[in-house]
Amino acid sequence: MSLSSAAGSGVTPGPARRGRLRRSFDRHWYAWAMVAPTIFVLGALVLYPLVRGILQSFTNLTETNQRAEVCSKTLGGAESCAPNPDRWQWVGLDNYLDLLTGERGHFWLLFGNTIVWTLACVTLHYLVGLGLAVMINRNFRGRSFYRVLLIVPWAVPAFVSAFAWKFLFNPQFGLINSVLMQVGLDPVEWFNHRWTAMFAAIVTNVWLGVPFMMVAILGGLQSIPGELYEAAEMDGTSAWQRFRHVTLPGLRPVSSTVILLGTIWTFNMFPIIYFVTGGQPAGETEILVTGSYRAAFEGLRNYSLAATYGVLILALLVVYAAAYRRALKSKGEVW
């Protein structure tokens, strides 16, 4: 392609593009210098592990075949090393096929648990957070105190909340079973059944995640112009109509963002499942991220299987985010 045809078609020639980058570097070298450490840190902590994990998912790497050589000591005390005949190899898509066809692990059980866990938690996060935000957005005595009190669960580390709620759900000594017995009901073996154990984990995560939703939605409520409510009230609308036609549309930008973030965080919420249910009973409450952890750090450490879980989790979240963005764009939202 000639320079004239490239210019006519709007394509920047390679030398011209490189020249533009060079001029930008010469003119704004200080900006490049300030950005460089961030790029380096992100590359070392995010990009390199990501690429390495993707590559490992196409191997059969475990703790037994990761070494290139096998060394042993002779009778004289000397150490002799020989190539490892069982060293890891490239296996292509075998790990993905094994997971998706059920030949290795319980992918579809974990996937179903993850979907139920994410939908339940994000829905309750948003609805409870919205209700609390609407309540404390009004003027009443002690409003500041209640705001601080409702934010406290957000300040508590996740693993501390997990241990506290696990004790509350303890079948023998927990406060929840004590209350049930006080009102004449039988105690519940919370962690002996799949859905009661999942219920305990969901309650814990909702208590932990509602403050974030509440604070974000409260900020959105305070950004809605008061004139809209005054105009709607003058038109004779009810409180429910004002909420439906003024509050909810005004919260749409904030809601779309917090729902996306909440979905990603909940999808990867490791400590609540791991510390509250521990996968009980018999691994029936595991989710994808805990399945990846157990593959990598428990029993025969299967690093390739854990990497495969990680790649599938990433792929699912990327597909969800892309579909979510497209849905918002179709409704005129800018994201």
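Nothing here was measured: the structure is a model prediction, and the numbers come from that model.
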task: Go through Met198 and Ile202 one step at a time and tell me if the side chain to side chain contact (heavy atoms under 4.5 Å, CB included) criterion holds.
output: CA-CA 6 Å; Met198 186 64 73; Ile202 290 172; 3.9 Å; yes
task: Let me see the working for Leu150 and Met214 under side chain to side chain contact (heavy atoms under 4.5 Å, CB included), right down to the final yes or no.
output: CA-CA 9 Å; Leu150 290 171; Met214 182 194 67; 3.6 Å; yes
query: Would Met135 and Phe140 count as a side chain to side chain contact (heavy atoms under 4.5 Å, CB included) if you check the C-alpha gap in whole Å, the side-chain angles of each, and the deciding distance to 0.1 Å?
result: CA-CA 10 Å; Met135 290 175 59; Phe140 58 91; 5.9 Å; no
- request: Could you walk me through whether Leu260 and Tyr320 pass side chain to side chain contact (heavy atoms under 4.5 Å, CB included), step by step?
  value: CA-CA 9 Å; Leu260 176 65; Tyr320 166 76; 3.5 Å; yes
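Connection of Trp240 to Leu221 is established within a shared hydrophobic cluster, with ILVMFWY side chains joined at heavy-atom distances below 4.5 Å, either directly or through further cluster members. Residue Leu119 is grouped with residue Val122 when hydrophobic side chains (ILVMFWY) are merged at heavy-atom distances under 4.5 angstrom, including chains of intermediate members. The hydrophobic cluster containing Leu168 also contains Leu185, counting ILVMFWY residues as joined when their side-chain heavy atoms lie under 4.5 angstrom apart, directly or transitively. Trp32 is not connected to Tyr30 by any chain of hydrophobic side-chain contacts under 4.5 Å among Ile, Leu, Val, Met, Phe, Trp and Tyr, and they are in different clusters. Criterion: ILVMFWY side-chain heavy atoms under 4.5 Å apart, direct or through other members. Under it, Leu61 and Val91 are not part of a common hydrophobic cluster.
Tyr96 and Thr308 share no donor-acceptor pair across their side chains, judged by distance under 3.5 Å alone. Judged purely by distance below 3.5 Å, without hydrogens or angles, the side chains of Asn302 and Ser304 pair a donor atom with an acceptor atom. In summary, the side chains of Tyr324 and Ser256 do not present any donor paired with an acceptor at a separation below 3.5 Å, with no hydrogens or angles considered.
Ala306 approaches Ser292 most closely through the heavy-atom pair O-OG, 3.2 Å. Across every non-hydrogen atom of Ser255 and Tyr126, the tightest pair is OG-OH, 2.6 Å.
The aromatic rings of Trp190 and Phe199 lie parallel to each other, with less than 30° between the two planes, well short of the 60° mark. Ring orientation note: the planes of Phe270 and Tyr274 are close to parallel, at an angle under 30° on the 30°/60° scale. Ring orientation note: the planes of Trp88 and Trp90 are nearly perpendicular, at an angle over 60° on the 30°/60° scale.
Of the inter-residue distances, the one linking Asp94 atom CG with Leu99 atom CG reads 11.5 Å to the nearest 0.5 angstrom. The distance from the CZ atom of Arg52 to the OG atom of Ser57 is 12.5 Å, given to the nearest 0.5 Å. With rounding to the nearest 0.5 Å, the separation of CD1 in Ile54 from CG in Leu314 is 6.5 Å.
By the 4.5 Å heavy-atom criterion applied to side chains, Asn192 and Gln280 are not counted as neighbours. Val289 is not listed as a side-chain neighbour of Tyr293, based on a closest heavy-atom distance of 4.5 Å or more. Side chains of Val188 and Asn177 form a contact here, defined as non-hydrogen atoms less than 4.5 Å apart.
Note: Phe173 and Phe167 fail the aromatic proximity criterion, with ring centroids not under 6.0 Å apart.
Pairs engaging residues 132-142 under the side chain to side chain donor-acceptor pair (under 3.5 Å) rule: Asn139-Arg143 [sequence neighbours left out].
Considering Leu130, Leu208, Val210 as possible partners of His125, the one that fulfils the side chain to side chain contact (heavy atoms under 4.5 Å, CB included) test is Val210.
Atom CZ of Phe40 sits in a sparse spot, with 12 or fewer heavy atoms from other residues, nucleotides or ligands closer than 6.0 Å.
In this structure, the side chain of Trp165 does not engage the main chain of Ala200 through any donor-acceptor pair within 3.5 Å.
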